[in-house]
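Quick note on labels: first sequence line is chain A, next is B, and so on, each numbered from 1. What you are looking at is a predicted structure, and each value in this text was computed from that prediction instead of being measured.
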Amino acid sequence: MLSRNEILQTLNMIDQQHLDIRTITMGISLLSCADPDPEACCRKIYDKICRKAERLVPTGEAIEAEFGIPIVNKRISVTPIALVAAGCETADYVPFAKALDRAAKTCGVNFIGGYSALVQKGLTEADKKLMNAVPEALAVTDYVCSSVNVGSTKAGINMDAVRYMGEVIKKTAQRTADTAGFGCAKLVVFCNAVEDNPFMAGAFHGVGEAESVINVGVSGPGVVYHALQSVKGQPFDVVAETVKKTAFQITRMGQLVAREASQRLDTPFGIVDLSLAPTPAVGDSVARILEEMGLEVCGTHGTTAALALLNDAVKKGGVMASSHVGGLSGAFIPVSEDEGMIAAAQSGVLTLDKLEAMTCVCSVGLDMIAVPGDTTAATISAIIADEAAIGMVNNKTTAVRIIPAPGKKVGDMVEMGGLLGSAPVMPVHRGSAEDFVARGGRIPAPLHSLRN
Amino acid sequence: MRAIVTVIGKDRVGIIAEVCALLAKNNINVLDISQTILQDYFTMIMMVDTAACDMPFAQMVQYLQEEGRKIGLNVHAQREDIFNAMHRI
């Protein structure tokens with residue numbers, strides 16, 4: 001029999017500490033939708049998504065009601081569209097984004113990811129067409145998310161793609177200037193992108209995946225924060241153990257929901273992503289966990305070490321709790337989506353440089369960061385190159401989701417709304433990287449990529 | 001199906017009787033009860049079996065919540081599995 005304390009602890013986690021399942025994401029392969037006729041291809045894409053994901057949202061809601069655990073998002077990820085559309089006789093890839101958007105609306109999901117291209121080593125004609133279409137595609141759709149993988153430990157960094165993505169991000173911001181560059185919040189540039197990530201905006205359904213699959217992302221920074229409050233002043237060994245135990249409990253719940261969703265939808269279970277994903281709500285912040293470890297403000301000296309411990313302990317605790325762990329798994333540090341990060345950035349302590357250092361030890365990268373509207377495409381490309389280099393050399397996923405908010409200056413706020421929160425505009429270095437980015441070509445893969 | 005029903009509300013006479021009547025009316029069998037007063041608040045945890053209940057589970061959850069609200073109580077029902085997942089290996 002469960003004890004009263006155990007039951008009350010679980011209820012407190014859900015009611016007071018913002019414990020939730022962040023997302024159930026259904027991955028759907030669209031490789032079977034290829035067709036030389038773009039209209040036919042779009043029709044097939046729409047039909048297949050609607051057929052596969054028809055019951056996703058009602059099933060998620062039913063699980064939510066029966067188990068009493070909030071499931072915040074229901075999402076869809078699809079095969080990178082640059083692959084699906086490669087056989088179409090068309091130069092315009094915007095209609096594919098519209099087809100995805102229509103399907104997302106019909107299914108009632110929050111986001112659909114996979115308007116993507118994988119160009120870590122080189123660009124196909126289809127990749128170029130897709131990247132060209134991104135600014136328009138993100139402006140005319142509501143739920144479509146786009147990602148481009150520009151580097152990997154195995155292939156090195158495609159600096160032509162890095163240069164191009166700097167321009168794409170600028171164009172996307174300009175194209176969505178009426179919403180302070182909101183389009184950029186739906187666009188991620190990756191190094192070492194993973195094929196089973198359930199989190200947006202970077203989710204896509206990899207080519208090595210099954211026909212369809214259920215991936216679940218858990219959350220729970222508030223629960224970890226609360227647990228650490230009970231071990232104030234104790235050594236880091238205790239801190240790590242406490243985080244591990246909490247991560248285990250959170251992940252067990254994720255595993256339960258994933259298994260249940262997979263059974264009810266008759267779709268194979270893929271992975272549980274063990275991520276601490278913050279929200280802008282007070283008490284649901286990764287930054288506050290770091291501060292609870294003894295830092296006055298997130299971003300001060302010691303932050304990288306604190307984050308390294310947190311990230312590692314989350315994985316160690318979570319990995320025992322799930323049969324398959326994957327995705328990005330670790331602590332997320334999106335600035336606009338984390339109440340503590342926003343406060344730290346506004347106080348000037350948390351800078352872009354410190355965030356870059358933090359991305360060496362956290363699960364992803366520079367995420368949801370607003371920079372001044374006059375930041376050049378070359379500077380953005382250089383930021384992407386730096387992040388990609390960290391990912392490439394350290395054998396980890398890194399990403400850049402950056403918003404050069406049109407007309408905004410350092411100190412202004414960019415309102416994204418909902419879970420995306422609001423981002424203070426952060427300064428970038430003024431020294432030009434124009435000539436560096438203009439070189440193009442490829443940065444070779446590091447020596448340790450040769451592991452065979 | 002086994003579920004955990006939690007009842008929280010300002011303490012007064014007859015809470016257990018009212019909640020049990022509500023459950024009995026819907027063929028929900030009570031397996032175990034644990035009850036205490038936490039900071040003036042009546043807090044009860046019940047393990048119940050819903051196998052004979054006519055309503056689908058999700059509907060029953062909503063029904064108990066609404067009926068509870070009418071008598072000034074916060075009544076939650078959840079499948080037992082979530083607690084087992086979190087606290088038992």
Side chains of B:Gln78 and A:Ile14: closer than 4.5 Å at any heavy-atom pair? yes
Tell me, for A:Gln9 versus chain B, whether the close heavy atoms (under 4.5 Å) come from the side chain, the backbone, both or neither. side chain
Would one find more than 12 heavy atoms of other residues, nucleotides or ligands at under 6.0 Å from atom CD1 of B:Ile37? yes
Pairwise distance OG1(B:Thr43) to CG(A:Leu8) - rounded to 0.5 angstrom: 7.0 Å
Which value, rounded to the nearest 0.5 Å, describes the distance between A:Asp15 atom CG and B:Thr6 atom OG1? 8.0 Å
From the list A:Ala62, A:Ser3, A:Ala321, A:Gly68, the residue making the most non-hydrogen contacts under 4.5 Å with chain B is A:Gly68
Let me confirm one number: the CD1-CD distance from B:Ile82 to A:Glu66, rounded to the nearest 0.5 Å. 11.5 Å
How about CZ on A:Phe269, more than 12 heavy atoms from neighbouring residues, nucleotides or ligands closer than 6.0 Å, or not? yes
Identify which part of A:Leu256 has an atom lying under 4.5 Å from any heavy atom of chain B, answering side chain, backbone, both or neither. side chain
Structural part of B:Ile45 lying under 4.5 Å from a heavy atom of chain A: side chain
Side chain, backbone, both or neither: which part of B:Leu38 has an atom under 4.5 Å from a heavy atom of chain A? side chain
Taking every non-hydrogen pair under 4.5 Å, which of A:Met13, A:Glu260, A:Met320 racks up the most with chain B? A:Glu260
Chain A interface, residue from B:Met47, B:Gln59, B:His87 that has the most non-hydrogen pairs under 4.5 Å: B:His87
Rounded distance [0.5 Å steps], CG in A:Leu2 versus CZ in B:Arg88: 5.0 Å
Quick check: do A:Phe67 and B:Val61 have side-chain heavy atoms less than 4.5 Å from each other? no
With a 3.5 Å distance limit and no angle check, can you tell me whether B:Arg79 reaches the backbone of A:Ile63 through a side-chain donor-acceptor pair? no
Contact origin within B:Gln35 toward chain A - heavy atom pairs under 4.5 Å: backbone
Have a look at B:Met86 and tell me which of A:Leu19, A:Ile7, A:Thr251 forms a side chain to side chain contact (heavy atoms under 4.5 Å, CB included) with it. A:Leu19
Relative to chain A, which segment of B:Asn84 carries a heavy atom at a distance below 4.5 Å: side chain, backbone, both, or neither? both
Shortest non-hydrogen pair, B:Ala85 vs A:Arg252, comes out as O-NE, 2.6 Å
Please state whether the side chain, the backbone, both or neither of B:Leu31 comes within less than 4.5 Å of a heavy atom of chain A. neither
